[in-house]
2 protein chains.
Amino acid sequence: MDETEKLQTHRRGSGVSTVYETLRNEIIELKLPPGSPIDEQQLSDRFALSRTPIREALVRLAAEGLITTLTNRATIVSNIDFLGLPEFFDALTLMYRVTTRLAAANHAESDIAAILVQQKAFETAVTNRDVLGMISTNRDFHIAIAQAGRNRYYVELFTRLLDEGRRILRLYYSSFNDVLPRQYVGEHEEMIRAIVERDVTLADKLASAHADQIVGQIRSYITADSRQNTKLAL
Amino acid sequence: MDETEKLQTHRRGSGVSTVYETLRNEIIELKLPPGSPIDEQQLSDRFALSRTPIREALVRLAAEGLITTLTNRATIVSNIDFLGLPEFFDALTLMYRVTTRLAAANHAESDIAAILVQQKAFETAVTNRDVLGMISTNRDFHIAIAQAGRNRYYVELFTRLLDEGRRILRLYYSSFNDVLPRQYVGEHEEMIRAIVERDVTLADKLASAHADQIVGQIRSYITADSRQNTKLAL
DNA sequence: TGCCGACTTCTTGTCGACAAGAAAAATACA
DNA sequence: TGTATTTTTCTTGTCGACAAGAAGTCGGCA
């Protein structure tokens, strides 16, 4: 494991953010899978910080729901709540629609540039068949759209939802094929066009369809996976 | 000021939540107005706790955006962002609609009972002309509806929005008259009926109108207030 | 051999103290 | 007298140590 962070001496106040962001990434990328125990002492050693700033980072992660603290006992990476998946899909779909609508309505020139950058990144990830890259650049693309919509409440919720989605997708990413992503590139391009032309209705419609695609795909992964499990159980 | 909390000895782990909730309430009720400095030492004395648990509570509040920490300098109660008000209204309206829709679709029997309790509380606040009570019971009423909708993402965002709304309303509550609240009681009753009858479309429509009412009212407060300011400036 | 209770150990929660950084105050200089 | 610079002071950020609580361990007893 990479332990370079051990050596650097942090300047006052920077350590907490570093720990927070590092752990956040590791949780979302399933480097720390759900249920993993989070040991404060261990992190303290790893980042060469006392437990106090570590603790602060953990409190932040807990506030976001990424980790769960069993009082006086242990703190673990939060499980993916499969029972709550319908809620998740509902909220995700709504955010796809709302942010794309708002982007069509409120975007400035510079926003389009930012969106195009992310779309390019997504495209290269697709051509390189870099599945993990697809997942994260897809997220960045939609967050760029959300930011163009100029509503921080939606941006915040959408970010959380997309990151939760990244965790779920990672679980199933082996079954990710390169047929649908290719289709996503086209859909993304259509969405950009609708946004540029400020066609709110079309943007909404495309976002809605796009969301359905993704939700459908995740659903199929899950059902396919559970089928495999039942096969093993026999 | 009430200093009773000073004496009790807290059992392990309970102190943080107490501090968090107490401060949260005081911020939302403008007992701690925007810009108020938050002194850790002072809070430490007040709650008879060391600075560590106080700090933990503050981190949580900061994550929610209720307080702002100027690094190495000071931490203050977050200002109300009047420039971001349009975003706020947009998100608030959407959440009013979505939660009411979902309540109509997903509610169970017990949810209705909970909603009716809150509606009763709101009604008594209105008849008692208890303006502060109206503001908070109105919030509780809509959160009860959101909970009946069974989507924790919406519940969470909506709660944050309604609480931010409480702060804004407190600022202007002197101009709160008892004509519109009476109307709100009726609108609430209509919404409950639509939810009970599982009429999603009607629920949406009513929630939308209700949101417009409230947004309009807040807007009128603000413009009325700014008019007064310009008058003084002449 | 199986179950119940005291004990040990390990992790979290809390504390008091120290260090660093920034604003305010005091001082020196033009 | 006004400005730049140093010093002081105050608040936050970090630390190491201690205390409490819970799980696991070990031993005793039926």
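Quick note on labels: first sequence line is chain A, next is B, and so on, each numbered from 1. No hydrogens, no waters, no symmetry mates; every other heavy atom, side chains included, goes into these values.
- The stretch residues 109-118 of chain A participates, sequence neighbours left out, in these side-chain hydrogen bond (donor to acceptor under 3.5 Å, both in side chains) pairs: A:Asp111-A:Arg150.
- Residue pairs that meet the salt bridge (Lys or Arg N to Asp or Glu O under 4.0 Å) test with at least one member in residues 93-102 of chain A, sequence neighbours left out, are A:Arg97-A:Asp204, A:Arg101-A:Asp204.
- A:Thr68 is linked by a side chain to side chain contact (heavy atoms under 4.5 Å, CB included) to A:Ile76, A:Ser78, counting only residues two or more places apart in sequence or in another chain.
- With sequence neighbours excluded, the residues forming a side chain to side chain contact (heavy atoms under 4.5 Å, CB included) with A:Thr75 are A:Ile38, A:Ile67, A:Thr69, listed by chain and number.
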Could you write nucleotides 5-15 of chain D as a row of B, S and -, 5' to 3', where a protein heavy atom under 4.0 Å of any base atom gives B, of only sugar-phosphate atoms gives S, and otherwise -? ------SBBBB
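- Under the side chain to side chain donor-acceptor pair (under 3.5 Å) criterion, B:Arg12 pairs with A:Asn72, sequence neighbours left out.
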